[in-house]
Amino acid sequence: MALSTPRLLVRFLGGRNLLYGGAPFPSEQTPGDSKTRNEETDKVMSSGDSNPAATPTPCVDIQGDGRWMSLHNHFVSNSKDKEPDVLFVGDSLVQLLHQFEVWRELFSPLHALNFGVGGDETQHVLWRLSNGELAHISPKVVVLWVGTHNHSHTAEQICGGIMAIVQLIKDKLPKAYTLVLGVLPRGKMPNPLRERNAQVNKLVKDAVSSLPHASLLNVDPGFVHSDGSISHQDLYDFLHLTPQGYQAVCQPLHAHLKGLLEKQAEN
Amino acid sequence: MGDTRLISNPQRMSGDEINPAAVAQAVEDVQGDDRWMSQHTRFVQECKDAEPEVLFIGDSMVQLMQQYEIWRELFSPLHALNFGIGGDTTCNVLWRLQNGELDNIRPKVTVVWVGTNNHEHSAEQVAGGILAIAQLLTSRLPKTKVVVLGLLARGDGPNPLREKNAAVNGFLRSWLPRLGQAQFLDVGAGFVHSDGTISTRDMFDFLHLTAAGYRAIAKPLSDLLLQILDETPEEKRASLV
């Protein structure tokens, strides 16, 4: 797959990162291992080992050109001489945003960096951020957009993965605000993935509601028409945004970001 | 170079084995939103409404091009249709062409760009698959000229996929001219720097092209297309003679 690289090996292992650290067997995890627990956290499974979507996992190079690791290394070294106020991190929806005029128009002026990687699932973003991509920068706002590619995970697991990333960012960048973007609907007509994505958004919105340093922003301007269809003029393959689609998403996002940055500046 | 029997019958490798890269195959919906079929259906519908002079078919390299300004600048004016689908292999393109994406249209030129996603196949098999596509096009559209774009290098530094793609191009260079109406166009020059690296300024993920990357390849391609379209007599003009 060109834009959504299959993560077959990780899936075969049932999401357990036997190769890349983390407790391989559930019995090795002692109670109280995970972060501050309450009913909400338990429900969304943000404790690492029991949720593969929340266990940092790099991508295995199955194609043969090592592009995922190359991109990660590129982001790490690229960040050494930059001082971004905003960091965008996530999957292909983040990555492609960087290629279109809308980036230069709306986000370059905000001093933004883009660490999007096509095909990334929550556990891949978690690994990247745990392994150097946050080491040299202190953005005021991190925009997180990920989850739509987590095909072998439930909505609860995906939410757990997103919350694990939110927690990691808090740990590494205590002063940063994390803006989680809602996962967009996909597919030409109604389908289970739309329901899953909507459920992810609902769960994440609930989970961040008590956090002062994070929130969920719904960036769907109404892509689904009254007959349930999505247009290829907005999502050219019913998943990825066209430049027109990005404009519709990014205008309100930009306004929201500016507001956040102004509030951060006041604090 | 390679098995020359493939030229006459790219569906078969040496020893009469079937070339898996030349077997038409639809993409199965494993994710759950049926996007591949939705895109194919949309293309079949487009064939009913449009009268393209140029048809682009292939994988994400074709598909993504339409999202950049360069498409509107250089290819829309040529009345071009874009039937690219991300992730497609030669097998998937073959299936689409056999199942409606050539119905009711008579493009003067078809641009084929596919092969970089054929991970299960050898270079020779991939080239055979591309050849099968070219043959299908010339048999379904006898007056069409086929332009096959060479596979680009990929990856940050030297790696086996670069060698494989270069090998595919090598086979195509020698096989395609024998097909008469088909030609090979290498648009990959300049992407690999002297130190063996590819820049993210050209390929944002060391595979897919940026706007600048597309600009670099679009110029020689559009020049060739204009040349071919110029040389191709209009049908109505021909019938007056």
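Computation of the quantities below employed the complete heavy-atom set of this structure, encompassing side-chain atoms and omitting hydrogens, waters and symmetry-equivalent molecules. Please read these numbers as outputs of a predicted model, since none were measured by experiment. All chains are named by letter (A, B, ...) in the order of the sequence lines, taking the proteins before the strands, and each is independently numbered beginning at 1.
Contact of B/Arg162 with chain A is not made at all, since no heavy-atom distance falls under 4.5 Å. In this structure, chain B has a heavy atom under 4.5 Å from the side chain of A/His74, while its backbone stays farther away. Only the side chain of B/Thr200 has a heavy atom closer than 4.5 Å to any heavy atom of chain A. Interface residue A/Phe238: backbone and side-chain heavy atoms are both found under 4.5 Å from chain B.
With values rounded to the nearest 0.5 angstrom, B/Glu69 atom CD is found 11.0 Å from A/Phe100 atom CZ. Once rounded to the nearest 0.5 Å, the distance linking CD1 of A/Ile230 with OG of B/Ser38 reads 10.0 Å. If you take NE2 on A/His232 and CD on B/Gln39, they are separated by 10.5 Å, rounding to the nearest 0.5 Å. For the atom pair CG (B/Leu64) and NE2 (A/His240), the distance works out to 9.5 Å, reported to the nearest 0.5 Å. A distance of 8.0 Å separates CG in A/Leu193 from CG in B/Asp29, rounded to the nearest 0.5 Å. Here the CG-CZ distance, from B/Asp33 to A/Arg194, works out to 9.0 Å after rounding to the nearest 0.5 Å.
Counting heavy atoms from C-beta on, the side chains of A/Gln99 and B/Gln67 never come closer than 4.5 Å. Taking the side chain as every heavy atom from C-beta outward, A/Gln95 and B/His208 never approach each other to under 4.5 Å.
Around NZ of A/Lys82, the count of heavy atoms belonging to other residues, nucleotides or ligands within 6.0 Å exceeds 12. Within a 6.0 Å radius of CD in B/Glu120, other residues, nucleotides and ligands contribute 12 heavy atoms or fewer. No more than 12 heavy atoms of other residues, nucleotides or ligands lie within 6.0 Å of CD in A/Glu83, so this atom counts as exposed by the packing criterion.
Each of A/Pro192, A/Ser70, A/Gly116, A/Gly66 has some count of heavy-atom pairs under 4.5 Å with chain B, and the biggest count is that of A/Ser70.
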>> Using the rule given for side chain to side chain contact (heavy atoms under 4.5 Å, CB included), can you reason through A/Arg186 versus B/Gln31, listing the C-alpha separation, both sets of side-chain angles and the distance that settles it, and then say yes or no?
In response: CA-CA 11 Å; A/Arg186 48 186 288 172; B/Gln31 294 181 353; 2.8 Å; yes
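Nearest approach of A/Gly64 to B/Pro160, heavy atoms of both residues: O-CD, 3.5 Å. Of all non-hydrogen atoms in A/Leu71 and B/Phe204, the two that sit nearest each other are CD2-O, 3.6 Å.
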